[in-house]
Amino acid sequence: MAQQNQEKQAKGGKDEGIATRAQDYSQWYLDIIKRAELAENSAVRGCMVIRPHGYTIWEKMQRELDDRFKATGHVNAYFPLFIPLSFLTKEEKHASGFAKECAVVTHHRLMSKDGEVIVDPESKLEEPLVVRPTSETIIWSQYKNWIQSYRDLPLLINQWANVCRWEMRTRLFLRTAEFLWQEGHTAHASEAEAREETRRMLGVYADFAENVMAMPVVQGAKSPGETFPGAVQSLCIEAMMQDGKALQAGTSHYLGQNFAKSADVKFLNKEGQLEYVYATSWGVSTRLIGGLIMTHSDDNGLVCPPKLAPIHVVVVPIFRKDDEKAKVMEESDKVAAELRAQGLTVKIDDRDMHPGAKYYEWEMKGVPLRIEIGPKDIEKGSLCLVRRFVLEQEGESEQDQRKRKKTFPPRAEALASVKKLLDEMQGQLLDRAKAMRAKRTRVIDSIADFEKFFNDEGGGFAWVHWAGNAEQEGELAERFKTSVRCIPFEDQIPAEAKGEGKCILTGQPSMHRIVMAKAY
RNA sequence: CGGGGCGUAGCUCAGUUUGGUAGAGCGCGUGGUUUGGGACCACGAGGCCGCAGGUUCAAAUCCUGUCGCCCCGACCA
């Protein structure tokens with residue numbers, strides 16, 4: 001950003017630019033988060049402060065997801081932040097999977113000494129407490145008391161919580177030491193039912209991603225190497241960001257009887273026999289906000305799908321003199337009231353600033369629709385509607401595109417069209433994201449083409465036949481920084497990628513193609 | 001955790017080579033003129049130069065340590 005700002009200053013421009021995607025994609029991502037006031041770093045390494053504009057997006061995500069969880073029969077509950085160390089050691093694979101990234105509480109008291117506050121060495125806990133990296137262990141220790149009979153099943157519980165994973169390298173939203181998420185934990189009387197639940201909740205995530213976030217995803221299973229510690233099988237949704245890298249946007253795990261065994265949770269089935277319970281867990285996190293940014297935003301700032309936009313419409317009053325101001329403000333209030341009556345969130349920006357400055361600011365913050373109201377509009381009985389974005393047309397100048405964003409419909413017509421317009425924009429975002437993904441998706445049958453795709457053509461999703469083992473996957477990771485993102489379900493495979501073939505690396509027969517990509 | 005870069009006003013950065021009273025632009029406050037794509041004038045507020053030691057008559061500047069941020073690796077949702 002420094003270089004760009006210097007350029008802008010040299011041109012006499014304003015010191016308010018962000019990096020462009022072409023210049024520096026990761027800087028662009030960070031600039032947007034900062035300038036749209038979504039989040040910022042905190043005094044604690046790796047932990048972020050989610051600012052109101054960002055948190056509102058999360059609240060809207062929560063509402064949409066929670067409604068879907070309830071509609072599929074789940075209820076919310078809350079389990080503790082702290083997990084006794086001994087709990088975490090019960091399930092061996094699970095424990096070793098998280099061992100390297102756990103925060104541990106060892107004392108319970110502070111004291112003053114020589115003017116400083118120190119940890120009181122006398123207050124050492126008998127058993128250290130682990131700050132939850134996920135809650136399977138503590139939840140299942142409780143489920144033991146709740147489940148005796150098949151009549152107690154299925155147990156369908158979700159919790160909204162924070163979790164802590166002590167990451168070496170963090171990035172706002174995508175990977176932070178503490179993050180917010182939901183974790184569903186269900187118990188079932190049969191493997192089939194648990195597997196069905198695993199798949200159902202992945203479907204909920206996919207529906208949410210596409211229809212609320214306007215972010216298309218590929219649904220499938222994780223390779224053994226990427227399976228959740230302690231799970232029998234992990235399912236995932238994978239989205240493609242604008243730089244062609246994959247983002248795991250949600251996971252749903254079939255846990256088999258692993259946690260039931262480690263927590264000793266048995267139930268009496270209809271036949272009167274004791275059996276271990278079958279389990280699932282599934283989660284999405286604030287990482288989705290990172291995915292949202294990298295799917296839709298542009299060089300002017302955040303682009304937010306209307307369904308998640310903290311503000312749907314910003315009204316910018318325009319006036320010169322006091323008598324104009326009175327009329328314009330009155331009309332602005334009326335317009336806002338009529339839109340609010342339609343259930344829309346409307347902000348009137350009446351700050352004493354030039355209108356242009358406000359336009360830039362609200363574009364940066366991703367408000368989908370702007371209404372400019374000035375004396376001319378009142379006189380003509382029309383409104384000036386400005387969309388946050390229009391679909392790109394080739395060879396179009398910035399000026400022309402800006403014009404295309406604006407319309408001046410009669411007042412009544414304008415107010416009646418706002419919801420339709422927002423819906424249309426929601427749809428356009430999904431279409432645009434799908435087109436972007438299609439452009440960076442290839443069916444690939446040789447390592448040479450694979451290399452060309454990732455090294456020369458920018459990369460993306462490569463649909464390849466794969467029969468390699470974990471070690472061979474590692475070889476590709478070393479050479480191209482790619483990994484198996486998911487083993488897609490049959491219905492997720494595009495027509496041109498269907499059918500059997502030979503492994504791209506080993507030449508061994510392969511039943512169907514998988515998705516390889518670089519990943520966040 | 002390894003390699004590289006950077007920490008000076010809210011932001012972006014000069015100043016560090018060669019030690020000598022802390023700078024610019026933007027932003028912020030007040031007053032006035034302005035307001036249909038980032039307004040202008042005047043006045044003003046704001047920094048123990050990331051932090052802690054050390055060298056020195058004197059440290060933003062030299063030395064040591066430490067913390068944080070960014071980029072690239074390894075690890076990960």
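Residue numbers start from 1 in every chain, and the chains themselves are labelled A, B, ... in the order their sequence lines are given, proteins ahead of strands.
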Is it true that A:His94 and A:Phe228 have ring centroids separated by less than 6.0 Å?
yes

Side-chain donor-acceptor contact under 3.5 Å, A:Trp28 with A:Ser26
no

Should B:C69 form a Watson-Crick or G-U wobble pair with both distances under 3.5 Å, which nucleotide is its partner?
B:G5

Say we look at B:U56 and B:U66: how far apart would their P atoms be, to the nearest angstrom?
23 Å

Would you kindly compare A:Ala177 and A:Arg402 by the position of their nearest RNA chain B nucleotide and give the one closer to the 5′ end?
A:Arg402

Please state how far atom CD in A:Glu398 lies from atom P in B:G38, giving the value in whole angstrom units.
13 Å

Step by step, work out the side-chain contact (heavy atoms from CB on, under 4.5 Å) result for A:Thr295 and A:Leu247.
CA-CA 10 Å; A:Thr295 301; A:Leu247 183 78; over 6 Å; no

Is A:Leu174 touching bases, backbone alone, or none of the nucleic acid, heavy atoms closer than 4.0 Å?
base

Rounding to a whole Å, what distance do you find between A:Leu385:CG and B:G36:C1'?
15 Å

Would you say the ring centers of A:Phe454 and A:Phe450 fall short of 6.0 Å from each other?
yes

Sub-6.0 Å ring centroid separation between A:Phe173 and A:Trp58:
no

Regarding A:His253 and A:Glu136, is there a side-chain donor-to-acceptor distance under 3.5 Å anywhere?
no

Salt bridge (charged side-chain N to carboxylate O under 4.0 Å, His left out) assessment of A:Asp298 paired with A:Arg388:
CA-CA 10 Å; A:Asp298 60 26; A:Arg388 173 60 181 80; 2.9 Å; yes

Heavy atoms only, 4.0 Å cut-off, all strands: where does A:Lys376 land among base, sugar-phosphate and nothing?
base

Out of B:G37, B:U35, B:C11, which nucleotide sits closest to the side chain of A:Tyr359?
B:G37

What is the distance from CH2 of A:Trp166 to C1' of B:C1, rounded to the nearest Å?
15 Å

A:Met353 atom CE is separated from B:G37 atom P, nearest whole Å, by 14 Å

Assess, by modelled atom type and distance only, whether the side chains of A:Ser483 and A:Arg485 contain a donor and an acceptor separated by less than 3.5 Å.
yes

Return yes if a side-chain donor-acceptor contact under 3.5 Å exists between A:Asp66 and A:Trp160, otherwise no.
yes

Please name the nucleotide paired to B:A24 by Watson-Crick or G-U wobble geometry with both distances under 3.5 Å, or report none.
B:U12

Residue met sooner reading RNA chain B from 5', once A:Phe98 and A:Arg320 are mapped to nucleotides
A:Arg320

Close N or O pairs between protein and nucleotides 68-73 of chain B (under 3.5 Å):
{"residue": "B:C72", "atom": "OP2", "partner": "A:Arg169", "partner atom": "NH2", "Å": "2.9"}
{"residue": "B:G73", "atom": "OP1", "partner": "A:Lys481", "partner atom": "NZ", "Å": "3.2"}
{"residue": "B:G73", "atom": "N7", "partner": "A:Arg169", "partner atom": "NH1", "Å": "3.4"}

Report, one pair per line, the protein and nucleotides 2-8 of chain B atoms (nitrogen or oxygen only) whose separation is under 3.5 Å.
none

Pairwise C1' distance, B:A59 and B:C48 [rounded to whole Å]:
13 Å

Whole-Å distance separating the CD atom of A:Glu379 from the C1' atom of B:G36:
13 Å

Does A:Tyr360 stack onto the base of B:G38, taking stacking as ring centres under 5.5 Å apart and planes under 30° apart?
yes

May I ask you to say what A:Cys236 touches in the nucleic acid, namely base, sugar-phosphate or nothing, with a heavy-atom cut-off under 4.0 Å?
nothing

Measure from CZ on A:Arg35 to C1' on B:G10 and round the result to the nearest Å.
13 Å

When both hydrogen-bonding distances must be under 3.5 Å and the geometry is Watson-Crick or G-U wobble, what is B:U30 paired with, if anything?
B:A42

Have a look at A:Glu331 and tell me which of A:Lys380, A:Lys376, A:Arg411 forms a salt bridge (charged side-chain N to carboxylate O under 4.0 Å, His left out) with it.
A:Arg411

Please report the distance separating the C1' of B:C67 from the corresponding atom of B:C51, rounded so that it comes out in whole Å.
7 Å

Pairwise C1' distance for B:A58 and B:U18, with rounding to whole Å
16 Å

Write down the distance between NE2 (A:His354) and P (B:U35), rounded to a whole number of angstrom.
7 Å

Whole-Å distance, A:Lys380 NZ to B:G36 C1', equals 10 Å

Distance, C1' atom - from B:U61 to B:G54, rounded to whole angstrom
15 Å

Considering every strand and a 4.0 Å limit on heavy-atom distances, what is the contact class for A:Ser285: base, sugar-phosphate, or nothing?
base

Would you find a donor on one side and an acceptor on the other, under 3.5 Å apart, between the side chain of A:His53 and the backbone of A:Lys365?
yes

Just checking A:Phe179: base, sugar-phosphate only, or nothing, at a heavy-atom cut-off of under 4.0 Å?
base

Please evaluate the base of B:G37 for a donor-acceptor partner in the side chain of A:Arg370 within a cut-off of under 3.5 Å?
yes

Choose from B:U35, B:G37, B:C75 the nucleotide whose nearest atom is closest to any side-chain atom of A:Glu167.
B:C75

Presence of donor-acceptor pair under 3.5 Å, side chain of A:Glu363 and base of B:G37
yes

Let's test this: given Watson-Crick or G-U wobble pairing with both distances under 3.5 Å, identify the partner of B:G36.
none

Taking atom CG of A:Asp456 as the centre, report whether more than 12 heavy atoms of other residues, nucleotides or ligands fall under 6.0 Å from it.
yes

